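Here's the structure, in structure tokens; my notes come after.
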Amino acid sequence: MTGLCTDMYEVRMAAAYLRRAMAGPATFSLFVRRLPADRGFLVAAGLAEALDFLEGFRFEEDEIEYLRQAAALDARSLAALREMTFTGDVWAVPEGRLVFADEPLLEVTAPFAEAQLVETAVLNAVTFGTTVASKAARCRLAAPDAELIDFAFRRTQGLGAAATVARCSAIAGFAATSNLAAARRYGLRPSGTMAHSYIEAFPDERSAFRAFATDFPDNPIFLVDTYDTEAGLHAAVDVAAELGLTGRLGVRLDSGDLAVLAGRARQILDAGGLRQAMIVASGGLDEHAVAALVAQGAPIDAYGIGTKMGVSADAPSLDSAYKLVAYGDRPVMKLSTGKVTWPGAKQVYRHPRADEGDVLALREEPAPSGCEPLLVPVMLGGRRTAPGDPVGELRAARDRCATELNWLPATARRLTGPVPVPVHTTTPLRTVAARLTAKLCAPLRHYSPVHTGLPA
């Protein structure tokens, strides 16, 4: 994995550390400062991609030559980068678990230059994965009894993003994806019906449905709204009777008043002896649209959810940060207005009862009674603590997410106006922060008034 997957300023800072022999262990914490509007939780995701990057981190010889020109690095710095790999430790919240504002999703401890250089790629992977998994989980909450299918491939921002969306939506409980490459890699169920162009290619809908069911008799799903939805439904029933289809089949609605059309579809299918046929809805859906359909009692069995989930349209990014919290034995913190950070390597403790809230603590603090730690060591000495298994990791993450969503109180599950689980800070953490704030602010009082505030 190329070391050039970083920002220019990361390379320049790393070179400065290397020139000054600042090679002690630095701890960086990756967290989200504030939840987006109408988010009561986040689903931790993107960790597997981040660990892949860390395990493969290195600079190739042609990249070293590029840095000689582009970053004007001296021979000593280039020599150090040529030999560099990631040798640090990573503590992280396992994928699929829920997190809240100010809670670390992961913490990296490594020689300073290494920990600095990996910031950009790690932040990218975890931020995007968590963004998408959180949006997908809201869709899952909107329709807990329906099958959800990832239809986002064609409108995500790049092929790599599409694979991440397929994986992260599966973590949140989606049953299938249209993305064949991602389905193969992660052991997901591939799913797909037909497009309107397929219908238009034939003389009429019956011809199109007949050809499709003949070619794919095991699970034909007929797209019935190309011309007139009700006529399309009758054509589907007629073709099913003509071919004697009795197994798993269905119809897809992609436009119009989906609640009304789904009700009419159920009537027509049942009257035609196709009570087992499923109704799939798609077309610009998100969690709010799905929740409205569920509230109307629309008899929809599955939802194809695409663009608005794949780009997390209402909250396409997170206010995430990767900040230095310790260098060697010295805790450090940032005091910038609105961006104050908690110092030191940390741990998050979770109580079985969500109303008790989470506890943000220094890592060395003992666990509060009855609580479990969220951050676990996932990489030591630059190597995973468990072998990377794309299929197994995803299945475990999906199980964790389902359990966590059940743990989440109804007030935090709401799609509008949610109330997140509270996050409490321990006395030792507040004490370290207060002492460090006083120490850092003391020299500044000679110049101007200083206004500081610890994170809420």
Side-chain angles (χ1 to χ4, degrees), residues 35-39 42-43 45-46 49 124-125 127-144 146-183 185-186 188-200 221 223-226 229 250-259 261-262 279-294 298 300-318 401 415-416:
L35 299 185
D38 278 338
R39 293 292 193 272
L42 297 174
V43 178
E49 183 178 345
N124 177 286
T127 301
F128 183 62
T130 299
T131 298
V132 172
S134 303
K135 180 70 170 179
R138 288 165 59 84
C139 296
R140 178 74 279 167
L141 291 175
E147 183 176 285
L148 304 183
I149 307 166
D150 160 39
F151 275 10
F153 194 175
R154 60 188 55 201
R155 293 194 180 95
T156 56
Q157 283 97 344
L159 299 180
T164 298
V165 169
R167 182 179 184 276
C168 291
S169 62
I171 288 174
F174 277 47
T177 179
S178 66
N179 187 332
L180 281 173
R185 174 170 173 76
Y186 299 116
L188 306 176
R189 176 162 66 84
S191 177
T193 56
M194 62 184 70
H196 293 290
S197 58
Y198 182 86
I199 306 296
E200 295 164 347
I221 304 292
L223 181 59
V224 296
D225 70 335
T226 304
T229 302
V251 297
R252 178 159 71 96
L253 305 168
D254 193 55
S255 60
D257 188 327
L258 294 176
L261 292 173
I279 298 173
V280 182
S282 59
L285 300 177
D286 64 4
E287 68 270 38
H288 298 291
V290 169
L293 289 167
V294 172
I300 296 172
D301 303 292
Y303 295 89
I305 302 178
T307 304
K308 292 182 179 180
M309 182 275 294
V311 302
S312 188
D314 63 327
S317 64
L318 297 174
C401 188
L415 300 182
T416 57

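This structure is a prediction, so every number in the text was calculated from the model and none was measured. Side chains included, hydrogens not; waters and symmetry mates left out as well; all remaining heavy atoms used. For this chain, numbers begin at 1 and follow the sequence in order.
- Atoms CG and CD1, on L223 and I199 in that order, are 5.5 Å from each other to the nearest 0.5 Å.
- What you find for I300 and A262 is that their closest heavy atoms are CG1-CB, 3.7 Å.
- Nearest heavy atom pair, residue S255 against residue L261, reads O-CD1, 3.3 Å.
- R140 places a side-chain N or O within donor-acceptor distance of the main-chain N or O of A143, the cut-off being under 3.5 Å.
- Residues passing the side-chain contact (heavy atoms from CB on, under 4.5 Å) test with A259 are D257, L293, Q296, A298, sequence neighbours excluded.
- Remark: side-chain polar atoms of S169 are paired, donor with acceptor, to backbone N or O of A166 under 3.5 angstrom.
- Closest non-hydrogen pair, A152 versus V165, comes out as CB-CG1, 3.9 Å.
- Checked against side-chain contact (heavy atoms from CB on, under 4.5 Å), R154 has no partners two or more places apart in sequence or in another chain.
- Scored by the salt bridge (charged side-chain N to carboxylate O under 4.0 Å, His left out) test, R39 finds D314 as partners (sequence neighbours excluded).
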* Asked: Which is it for K135 and E287 under the salt bridge (Lys or Arg N to Asp or Glu O under 4.0 Å) test, yes or no, and what are the steps along the way?
  -> CA-CA 8 Å; K135 180 70 170 179; E287 68 270 38; 2.7 Å; yes
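- The CG atom of L148 sits 7.0 Å away from the SG atom of C139 when rounded to the nearest 0.5 Å.
- Taken to the nearest 0.5 Å, the CD1 atom of I305 stands 10.0 Å off from the OG atom of S282.
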* Start with the C-alpha gap between M309 and F174, add the side-chain angles, then the distance that decides, and say whether side-chain contact (heavy atoms from CB on, under 4.5 Å) holds. => CA-CA 11 Å; M309 182 275 294; F174 277 47; 3.8 Å; yes
* Verify side-chain contact (heavy atoms from CB on, under 4.5 Å) between L318 and L42, making sure each step is shown before the conclusion. => CA-CA 10 Å; L318 297 174; L42 297 174; 3.9 Å; yes
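- Residue I171 holds its CD1 atom at 7.5 Å from SG of C401, rounded to the nearest 0.5 Å.
- A donor-acceptor contact shorter than 3.5 Å is absent between the side chain of D225 and the backbone of L253.
- Heavy-atom minimum distance, I149 versus A302: CD1-CB, 4.5 Å.
- A 4.5 Å side-chain heavy-atom check between V311 and P316 finds every atom pair outside the cut-off.
- Qualifying side-chain contact (heavy atoms from CB on, under 4.5 Å) partners for A181, counting only residues two or more places apart in sequence or in other chains: N179.
- Pairs passing the salt bridge (charged side-chain N to carboxylate O under 4.0 Å, His left out) check and including a residue from residues 172-181, sequence neighbours excluded, do not occur.
- R155 places no side-chain N or O within 3.5 Å of a backbone atom of G310 that could act as its donor or acceptor partner.
- Residues forming a salt bridge (charged side-chain N to carboxylate O under 4.0 Å, His left out) with D254 (at least two apart in sequence, or on another chain): R252.
- Between the OG1 atom in T164 and the CG atom in L159 there is a gap of 11.0 Å [rounded to 0.5 Å].
- The side-chain contact (heavy atoms from CB on, under 4.5 Å) search around A133 returns V43, A45, C168, not counting sequence neighbours.
- When every heavy atom of L415 is checked against every heavy atom of A142, the shortest pair comes out as CD1-CB, 4.1 Å.
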* Please walk me through it: do Y303 and V294 pass side-chain contact (heavy atoms from CB on, under 4.5 Å)? -> CA-CA 11 Å; Y303 295 89; V294 172; 3.8 Å; yes
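- Side chain of S312 to backbone of K308: no donor-acceptor contact under 3.5 angstrom is found.
- Every side-chain hydrogen bond (donor to acceptor under 3.5 Å, both in side chains) that T177 has, sequence neighbours left out, goes to D150.
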* To do: Dump the intermediate steps for side-chain contact (heavy atoms from CB on, under 4.5 Å) on T307 and F151, then the final yes or no.
  => CA-CA 7 Å; T307 304; F151 275 10; over 6 Å; no
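- For the residue pair V251 and I221, the shortest heavy atom distance occurs at C-CG2, 3.9 Å.
- The list of salt bridge (charged side-chain N to carboxylate O under 4.0 Å, His left out) pairs with a residue in residues 157-174, not counting sequence neighbours, reads E95-R167.
- Partners of T229 under the side-chain hydrogen bond (donor to acceptor under 3.5 Å, both in side chains) rule, at least two apart in sequence or in another chain, do not exist in this structure.
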